[in-house]
Amino acid sequence: MATTRGFFGRRRESERDPRLPPGQYDVGAGWPVLTAEATPRVDADRWSITVDGLVDTPTTWTLRELRLLPPSVYAGDIHCVTTWSKLDTNFTGISFDTLLDAVGVRPEATFVVETSTTGYTTNLPLDDVRGGKAWIVWEHEGKPLTREHGGPVRMLVPHLYFWKSAKWIERITLLDHDEPGFWEVNGYHERGDPWREQRFDGD
Ligand SMILES: Nc1nc2c(c(=O)[nH]1)N[C@H]1C(S)=C(S)[C@@H](COP(=O)(O)O)O[C@H]1N2
Ligand SMILES: [Mo]
């Protein structure tokens with residue numbers, strides 16, 4: 001018994017990284033670009049974000065105003081539904097909780113819709129963007145977010161598939177009902193939890 005232990009106990013090359021959800025592979029140092037629409041040119045000095053809908057005080061912030069709020073970093077993994085995952089990413093911005101606290105969430109709010117300047121939308125349960133689970137970010141690895149990755153500012157909801165993280169975010173609306181966004185209308189899952197492989201509607 002004792003003789004086999006070292007052999008079978010050794011970590012094998014083929015062993016899956018426990019950070020990879022089912023059906024995902026590690027994309028390594030690269031970072032694929034996935035954009036359904038033409039990449040917009042958004043001027044950081046003219047960009048703003050509005051949080052509205054079922055809130056006490058609908059509010060708009062410029063990037064300069066966001067930078068005055070307490071910063072928040074996400075360090076961890078991201079998972080695209082097309083099966084790549086990128087491990088150990090690092091994004092800087094603010095926690096979305098900071099904006100929710102500022103606008104005052106009305107009790108009847110249960111869902112949000114993120115809207116990009118391009119018109120891309122994605123829907124989420126409100127609980128998936130509060131409680132330290134969502135960020136509004138403008139830096140990746142300490143550098144300004146590039147245009148193709150959603151710069152100047154994108155949403156980041158890393159515990160769900162990455163299509164729930166709108167690039168070139170400009171509005172987040174709180175609703176009392178679900179309103180399927182761009183990919184959700186096209187057959188993707190309402191929630192998109194990578195650990196449950198919620199890729200398509202009905203998964
Ligand atoms: N505005 C906008 N946001 C978007 C998308 C898009 O096509 N348009 N694609 C989504 C999808 S499917 C993914 S995987 C990620 C891709 O982000 P990346 O190009 O920075 O990797 O952005 C998400 N946010
Ligand atoms: Mo994606």
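Position 1 is the first residue of the sequence; numbering continues from there. It should be emphasised that the depicted structure is a prediction, and the values quoted were computed from it without experimental measurement. Note that ligands are numbered from 1 as they come in the structure, with each ligand's atoms numbered from 1 the same way. Heavy-atom basis, side chains included; hydrogens, waters and symmetry copies ignored.
Hydrophobic clustering (ILVMFWY, side-chain heavy atoms < 4.5 Å, transitive): Leu145 and Met155 are in distinct clusters. Note: the hydrophobic cluster containing Phe91 does not contain Trp168 (ILVMFWY, side chain heavy atoms under 4.5 Å, direct or indirect links). Hydrophobic clustering of Ile, Leu, Val, Met, Phe, Trp and Tyr side chains at less than 4.5 Å, counting indirect connections, keeps Trp84 apart from Val33.
Of the protein's non-hydrogen atoms, the one nearest atom 14 (S) of ligand 1 is Cys80 SG, 3.2 Å. If you check which protein heavy atom lies closest to atom 3 (N) of ligand 1, you get Lys167 N, 2.9 Å. The shortest contact between atom 8 (N) of ligand 1 and any protein heavy atom is with Glu37 OE1, 2.9 Å. Distance from atom 24 (N) of ligand 1 to its nearest protein heavy atom, with residue and atom name: Ser165 O, 2.9 Å. In this structure, the protein non-hydrogen atom closest to atom 7 (O) of ligand 1 is Ala36 N, 2.7 Å. Remark: minimum distance from atom 12 (S) of ligand 1 to any protein heavy atom is reached at Trp163 CB, 3.4 Å. Taking atom 13 (C) of ligand 1 as the reference point, the nearest protein heavy-atom neighbour is Phe162 O, 3.7 Å. In terms of protein heavy atoms, atom 9 (N) of ligand 1 is closest to Leu34 O, 3.2 Å.
For the residue pair Glu114 / Thr121, no side-chain donor-acceptor distance below 3.5 Å is found, with atom types taken as modelled. Under the 3.5 Å distance criterion, with hydrogens and angles disregarded, no donor-acceptor pair is assigned to the side chains of Ser116 and Lys167.
Selection from His149, His140, Lys164, Met155 by nearest heavy atom to atom 20 (O) of ligand 1 gives His149.
The shortest N or O to N or O distance between Pro32 and ligand 1 is under 3.5 Å. Between Thr35 and ligand 1, no N or O atom pair is found at a separation short of 3.5 Å.
The part of Trp31 lying near ligand 1 is the side chain, judged by heavy-atom distances below 4.0 Å. The proximity of Phe182 to ligand 1, defined as any non-hydrogen pair under 4.0 Å, does not occur for either the backbone or the side chain. At a heavy-atom cutoff of 4.0 Å, ligand 1 is contacted by the side chain of Ser116 but not by its backbone.
For the pair Trp138 and Pro152, the minimum side-chain heavy-atom distance is 4.5 Å or more. Residues Ile78 and Thr89 meet the side-chain proximity criterion, which asks for heavy atoms closer than 4.5 Å. Between His177 and Thr110 the shortest side-chain heavy-atom distance does not fall below 4.5 Å.
Using a 4.0 Å cut-off to heavy atoms of Trp84, the atoms of ligand 1 that qualify are 21 (O). The contact set between ligand 1 and Val33, taken as ligand atoms under 4.0 Å from a residue heavy atom, comprises 19 (O). Set against the non-hydrogen atoms of Ala166, the atoms of ligand 1 under 4.0 Å away are 3 (N), 24 (N).
Using a 4.0 Å cut-off between charged nitrogen and carboxylate oxygen, Arg196 and Asp193 count as a salt-bridge pair. Between Asp128 and Lys133 there is no salt bridge, since no side-chain N of the basic residue sits under 4.0 Å from a carboxylate O of the acidic one. By the 4.0 Å N-to-carboxylate-O rule, Glu184 lies close enough to Lys164 to be salt-bridged with it.
Using a 4.0 Å heavy-atom cutoff, Arg154 is listed among the residues neighbouring ligand 1. In this structure, Gly150 has no heavy atom closer than 4.0 Å to ligand 1. Ligand 1 is never approached by Tyr188 to a heavy-atom distance shorter than 4.0 Å.
Between Asp45 and Asp43, the shortest heavy-atom contact is N-OD1, 2.9 Å.
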